[in-house]
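Remarks on the structure that follows.
Chain identifiers are assigned alphabetically (A, B, ...) following the order of the sequence lines, protein sequences preceding nucleic acid strands; residue numbering begins at 1 within each chain.
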2 protein chains.
Amino acid sequence: MHEPTTEPRPGTAAWWLARENEPERPRRRRSLTLEGILDASLALLDERGAAALTMRNVAEELDCTQASLYRHVRNREELVTLLVDRAISVASAAPPEDADWAGKAAWSARRFREHLRRHPGVASLLRGTERLGPNSLAGMNYALGLFIGAGLSPRVAAAAASSLATFVIGSVNFNLGVDTRDPEESRHRRQLFRSRDASVVPLLVEHADTLADLGDDEFEVGLTALLTGFRALIEND
Amino acid sequence: MHEPTTEPRPGTAAWWLARENEPERPRRRRSLTLEGILDASLALLDERGAAALTMRNVAEELDCTQASLYRHVRNREELVTLLVDRAISVASAAPPEDADWAGKAAWSARRFREHLRRHPGVASLLRGTERLGPNSLAGMNYALGLFIGAGLSPRVAAAAASSLATFVIGSVNFNLGVDTRDPEESRHRRQLFRSRDASVVPLLVEHADTLADLGDDEFEVGLTALLTGFRALIEND
DNA sequence: ACCTGAACACCGTTCAAGT
DNA sequence: ACCTGAACACCGTTCAAGT
């Protein structure tokens, strides 16, 4: 079996593996570093949103040319991959020791969600990307330990951890462009539901008010449902 | 309260509402129609992927200029919004009548997921967009009916329906760029997990093989967990 | 050895000009 | 009244040329 000639896509397992075998790029005395590029990118993302994360803007932030960035990063996609993994690390912190496994999982899920809602730019980059960077893997290892410790088989524990992460990330992205703190949006929603054809979608018309401002309810209901379901899996194992 | 002067973003409740109050664009005898544009876009999406869905390519497919498209669609974003809602309709079909509410929900979720996996382009457009178009609302109404019929309060039923949709969409997008039928990817994953530092992520190293090919397990575990959790919510109501 | 300026091939969007 | 050609202001990426 010989080495594949095609470049692996950033973010894939093959890419992270290939990355390690490359000779480390020599440290420059010059100021431009990968760390610096990621710092600037993250700041840009928080201040001006995901659409503003362009190579030109990053370069401008760092007072260099776009071409210089390609000395530290092969692609924009590679930059995004590294950025996402770094941003994830901020969200992973140890939950309170005295909680049980479900309490710890809920605590981490809520914290991760809050982090993403405070940094919507990061959240929107997170959609659809694989998460195999070192920080992502650390989080995965933690969740796996939690569920195995609770009594799930490794296989089911892995699926459970994955499901939970999928749900948290999905719940953030669902409301992304929508500023839920903006009362206008919920007003428009109510108006939309109310004005539908009652013979086609009767329940939306009837429960328009309830549906209009679900807010965090969706997340909490889904979260407890998942954890309750995991608990049931343990008892039936 | 006067009309807002800012244009609502495509996909928001305000946008769908405003759309209805506009005078319908007169039917042309010319061949170019909104329907035709959406047909061509969907074909493009399936054949060449989400990245190929550009105004230029759509125009080329229809033998017209890019500018002509803007006669039927205000934005690319608007085109995407309409496209997503239309694509959703294909996935919504009536589940078998003899199943209970959980069986019906599971059937629909699996069907929706399969549809999205067969059309990854649609799935990637789906991330992060609001889903308030007529077909999306029909699906929402159906799910709401299912959960209310099962005994949940309208509020909890709405949150449950939302959670389920979030999970299904999230589960597809997680594996997007990754061709899971490609054995190489799972091999690389196993290799990645195995070669991690066992003092940092011991569980990933230990269970590398299990983690490498989770496949559809993640979805099934999450799905049954959610439904089990919903059932528990009913009994405690 | 490193960085730059300038270009290339793309985007979405607009609008005067044609028919 | 409708459609077009051509432009505008952006993208990501590359590379010969400078220092």
Side-chain angles (χ1 to χ4, degrees), chain A residues 6-11 15 22-38 40-41 44-45 48-84 121 124-125 129 177, chain B residues 6-11 15 22-38 40-41 44-45 48-84 121 124-125 129 177:
Chain A
T6 57
E7 291 277 324
R9 288 226 347 273
W15 180 82
E22 276 172 16
E24 198 172 351
R25 301 188 195 247
R27 309 239 159 198
R28 323 234 163 278
R29 348 178 247 293
R30 291 314 194 105
S31 58
L32 194 60
T33 62
L34 180 55
E35 280 304 298
I37 291 175
L38 293 179
S41 301
L44 202 55
L45 204 55
R48 297 170 52 193
L53 187 69
T54 69
M55 301 306 268
R56 275 170 175 82
N57 285 344
V58 173
E60 194 179 353
E61 201 96 339
L62 291 164
D63 271 320
C64 70
T65 56
Q66 313 166 48
S68 304
L69 298 176
Y70 287 86
R71 194 151 275 287
H72 300 83
V73 138
R74 208 187 311 271
N75 273 340
R76 194 189 106 100
E77 199 179 352
E78 182 171 314
L79 190 155
V80 167
T81 299
L82 296 173
L83 202 54
V84 163
S124 75
L125 291 186
T129 341
Chain B
T6 57
E7 291 277 323
R9 287 226 348 272
W15 179 81
E22 275 173 16
E24 198 172 351
R25 300 189 195 247
R27 309 238 159 200
R28 322 234 163 279
R29 351 177 244 293
R30 291 314 195 104
S31 59
L32 194 59
T33 62
L34 180 54
E35 280 305 299
I37 292 175
L38 293 179
S41 302
L44 203 55
L45 204 53
R48 297 170 52 194
L53 187 69
T54 69
M55 301 305 268
R56 274 171 176 81
N57 286 345
V58 173
E60 194 180 353
E61 200 95 343
L62 291 164
D63 271 319
C64 70
T65 54
Q66 313 166 49
S68 304
L69 298 177
Y70 288 87
R71 195 150 274 286
H72 301 82
V73 138
R74 208 188 310 272
N75 274 339
R76 194 189 108 100
E77 199 180 352
E78 183 171 314
L79 191 155
V80 167
T81 299
L82 296 173
L83 203 54
V84 164
S124 76
L125 290 185
T129 342

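- Residue B:Ser68 places at least one side-chain N or O closer than 4.0 Å to OP1 or OP2 of D:dT4.
- By the side-chain contact (heavy atoms from CB on, under 4.5 Å) test, B:Ala67 pairs with B:Thr65, sequence neighbours left out.
- Contact between B:Glu78 and B:Trp15 at its shortest, heavy atoms only, is CG-CZ2, 3.2 Å.
- One distance of note links CZ of B:Arg76 with OG1 of B:Thr54; it measures 8.0 Å at 0.5 Å rounding.
- Between A:Arg71 atom CZ and C:dG5 atom C1' the separation is 15 Å, expressed in whole Å.
- Residues A:Asn75 and A:Thr81 form no side-chain contact, since every pair of their non-hydrogen atoms from C-beta on lies 4.5 Å or further apart.
- Applying the side-chain contact (heavy atoms from CB on, under 4.5 Å) test to B:Glu60 and every residue at least two apart in sequence or in another chain returns B:Asn57.
- Note that CG of B:Leu38 is 6.0 Å distant from CG of B:Leu82, once rounded to the nearest 0.5 Å.
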For DNA chain D, what dot-bracket results from Watson-Crick or G-U pairs at under 3.5 Å, with [ ] for crossers and | for inter-strand partners?
-> ||.|||||...|||||.||

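- Residues meeting the side-chain contact (heavy atoms from CB on, under 4.5 Å) test with B:Glu61, sequence neighbours left out: B:Ala40, B:Leu44, B:Glu47.
- The side-chain contact (heavy atoms from CB on, under 4.5 Å) search around A:Ser41 returns A:Ile37, A:Leu53, A:Val58, A:Leu79, A:Leu83, not counting sequence neighbours.
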Using a cutoff of under 3.5 Å, can you pull out all pairs of nitrogen or oxygen atoms linking the protein to nucleotides 10-16 of chain C, with atom names and distances?
residue : atom : partner : partner atom : Å
C:dC11  : N4   : B:Arg56 : NH2          : 3.2
C:dG12  : OP2  : B:Met55 : N            : 3.1
C:dG12  : N7   : B:Arg56 : NH1          : 2.8
C:dG12  : O6   : B:Arg56 : NH2          : 3.2
C:dT13  : OP1  : B:Asn75 : OD1          : 3.3
C:dT13  : OP2  : B:Tyr70 : OH           : 2.9
C:dT13  : OP2  : B:Arg76 : N            : 2.9
C:dT13  : O5'  : B:Tyr70 : OH           : 3.4
C:dT13  : O4   : B:Gln66 : OE1          : 3.0

